[in-house]
Amino acid sequence: MRIASFNINGVKARMPRLLEWLDETKPDVACLQEIKSSDETFPGDAFHEVGYRAIWHGQKGFNGVAVLQRGEETPHEVLRGLPGDDEDTHSRYIEADVNGVRVVCIYLPNGNPVPGPKFDYKLNWMQRLRTRMTELLEAEIPAVVIGDYNVIPEDKDVWSPKAMASDALMQPESRDAYFRLIHDGWTDAIDLHHPRGGMWTFWDYQAGAWQRDHGFRIDHALLSPTLADRLIATGIDKEYRGREKASDHVPVWIEIKD
DNA sequence: ATGGCGTGTTTCACACGA
């Protein structure tokens, strides 16, 4: 089973690229972030027409996540919204069971500028995420927490640590929160298979970042111990960044034994 | 130090992203 994640930066604007990617790579599960769509305007029918059933947690204009499953079965929703803060109105989290695997699709807050309330929100969100992920570990559920983490884990994951030094994506507090998850027992699937780094998943639209290969790795798949045992392969679909009307992120994927 | 590009809505200007 192949589980993919794609920050699409607007489902409406990305629909041609997205349908093309589903047709060409046929992931069994596709987790989407930044759909930037309300629940009412999300194109669920269009995905059904090309062989996918979907659940989503939308929000007008910003954020928003979705889980697509290939075939006629709809992902079995477990949670919508990250628990732990009733005041949090952002749509950044959806959790579902798909073919016996718990799939958690996340769009973690960016956190810029540092310092400030947005950075505080990011760190608080990561704390709440750790609480939920610990529950999954304790229940020994085969799980993958996949999506846009907005964290550059190590210097090998960015084209220039110096250029990005003041960014929320690689502050020590952001990295510490990420590595607490790793130390809890989660496996960074892409890092496991590509330990030397250089696996960018994002290139900015600005300043010719794609042409200069000024990218970094912020889209991750964290596997619970029992799912990590079943990991076969990982990768990123880099070529989609070079196509017309591309997202600034590329898809990342994991392949696990059935 | 700033803006650069792209997508969205509050649309011919601004918020937000990373």
Side-chain angles (χ1 to χ4, degrees), chain A residues 5-19 21 32-43 46 56-66 88-93 105-123 125-126 129 146-175 177-178 190 197-220 236 238 240-252:
Chain A
S5 172
F6 195 177
N7 180 322
I8 55 175
N9 188 19
V11 69
K12 189 178 172 187
R14 209 66 57 220
M15 213 51 185
R17 278 295 81 73
L18 191 50
L19 295 176
W21 170 70
L32 309 179
Q33 301 87 35
E34 282 205 89
I35 61 175
K36 294 187 175 180
S37 159
S38 66
D39 283 336
E40 295 75 22
T41 54
F42 184 80
W56 56 90
H57 188 201
Q59 176 179 354
K60 192 176 180 181
F62 307 104
N63 309 319
V65 287
D88 186 1
T89 58
H90 292 200
S91 298
R92 298 177 174 276
Y93 185 100
C105 174
I106 69 165
Y107 173 47
L108 205 148
N110 168 311
N112 280 306
V114 180
K118 290 186 176 182
F119 190 56
D120 295 341
Y121 172 63
K122 175 182 193 147
L123 297 180
W125 206 94
M126 293 186 82
L129 178 65
I146 190 168
D148 179 359
Y149 279 72
N150 269 317
V151 174
I152 297 168
E154 299 180 69
D155 285 357
K156 69 182 180 182
D157 298 311
V158 56
W159 66 279
S160 168
K162 194 175 172 183
M164 295 290 291
S166 62
D167 198 286
L169 276 52
M170 54 176 285
Q171 292 309 296
E173 296 94 327
S174 307
R175 287 177 160 182
Y178 184 80
I190 292 170
M199 294 286 285
W200 315 149
T201 68
F202 172 93
W203 293 258
D204 203 296
Y205 287 124
Q206 303 177 66
W210 167 247
Q211 289 75 12
R212 300 176 186 189
D213 199 27
H214 289 180
F216 37 86
R217 187 174 78 97
I218 51 175
D219 298 87
H220 310 304
I236 65 165
K238 182 174 178 177
Y240 288 86
R241 183 63 182 83
R243 296 195 185 183
E244 288 294 310
K245 296 278 285 179
S247 172
D248 40 7
H249 294 249
V250 294
V252 305

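Within every chain, numbering begins at 1; the chains are lettered A, B, ... in the order of the sequence lines, protein sequences first and strands thereafter.
- Side-chain N/O atoms of A:Lys118 and A:Asn112 include no donor and acceptor closer than 3.5 Å.
- Rounded to whole angstrom, the span from the CZ atom of A:Arg241 across to the P atom of B:dA18 amounts to 13 Å.
- Rounded to whole Å, the C1' atom of B:dC16 lies 15 Å from the corresponding atom of B:dT11.
- Of the N and O atoms on the side chains of A:His90 and A:Arg92, at least one donor lies less than 3.5 Å from an acceptor on the other residue.
- Not one side-chain nitrogen or oxygen of A:Asn112 sits closer than 4.0 Å to the OP1 or OP2 atom of B:dC16.
- Two residues are said to be in side-chain contact when any heavy atoms from C-beta on lie closer than 4.5 Å; A:Glu173 and A:Phe119 meet this criterion.
- In this entry the distance linking CH2 of A:Trp203 with C1' of B:dA18 reads 14 Å, nearest Å.
- Considering only side-chain atoms of A:Ala13, the nucleotide from B:dA18, B:dG8, B:dC16 that sits closest is B:dG8.
- The gap from the P atom of B:dC5 to that of B:dT10 amounts to 25 Å, rounded to the nearest Å.
- Separating the NZ atom of A:Lys36 from the C1' atom of B:dT10 is a distance of 15 Å, rounded to the nearest angstrom.
- Across all strands shown, A:Asp219 has no heavy atoms under 4.0 Å from either base or sugar-phosphate atoms.
- Checking A:Asp88 against A:Tyr93 by side-chain atom types alone, no donor-acceptor pair falls below 3.5 Å.
- Counting only distance, with no hydrogens or angles, the side chain of A:Ser174 and the backbone of A:Leu169 share no donor-acceptor pair below 3.5 Å.
- The side chain of A:Arg14 approaches B:dT7 more closely than any other nucleotide in the set B:dC5, B:dT9, B:dT7.
- Rounded to a whole angstrom, the distance from the P atom of B:dT2 to that of B:dG6 is 23 Å.
- Going from the P atom of B:dA18 to that of B:dC14 covers 22 Å, rounded to whole Å.
- Distance check on atom C1': B:dT9 versus B:dG4 gives 22 Å, rounded to whole Å.
- Following rounding to the nearest Å, A:Ile8 (CD1) and B:dG6 (C1') show an atom-to-atom distance of 14 Å.
- In this structure, CH2 of A:Trp210 is placed 18 Å from P of B:dA18, rounded to the nearest angstrom.
- In terms of heavy-atom proximity, A:Tyr178 sits nearest to A:Met126 at N-CE, 3.7 Å.
- With distances taken from any side-chain atom of A:Gln206 to the nucleotides B:dC5, B:dC16, B:dG8, the minimum falls on B:dC5.
- Counting any heavy atom pair closer than 4.0 Å across all strands shown, A:His249 reaches sugar-phosphate atoms only and no base atom.
- If you take NZ of A:Lys12 and P of B:dT7, they are 12 Å apart, rounded to a whole angstrom.
- Between A:Tyr205 and A:Phe202, it is A:Tyr205 whose nearest contact on DNA chain B lies nearer the 5' terminus.
- Straight-line distance between the P atoms of B:dA13 and B:dA1: roughly 29 Å, to the nearest whole Å.
- At least one side-chain heavy atom of A:Trp125 sits less than 4.5 Å from a side-chain heavy atom of A:Ile106.
- Nucleic acid contact class of A:Tyr107 (heavy atoms, under 4.0 Å, all strands): sugar-phosphate only.
- Atom pair A:Asp167:CG and B:dA18:C1' shows a separation of 6 Å (rounding to whole Å applied).
- Distance from the side chain of A:Arg92 is smallest to B:dG17 among B:dG17, B:dG6, B:dA18.
- Closest to the side chain of A:Asn9, out of B:dT7, B:dT9, B:dG17, is B:dT7.
- At the heavy-atom level, A:Asp148 lies under 4.0 Å from the strands shown only through sugar-phosphate atoms.
- Summarising the geometry, the separation between CG on A:Asn7 and C1' on B:dG6 is reported as 12 Å, rounded to the nearest angstrom.
- A:Lys118 comes within 4.0 angstrom of the backbone, heavy atoms only, and of no base.
- Of the two residues contacting DNA chain B, namely A:Ala246 and A:Asn150, the nearest-nucleotide position lying further toward the 5' end is that of A:Ala246.
- A:Asp248 comes within 4.0 angstrom of no nucleic acid atom, judged by non-hydrogen atoms across all strands.
- In this structure, A:Asn110 does not reach the B:dG17 phosphate: none of its side-chain N or O atoms is under 4.0 Å from OP1 or OP2.
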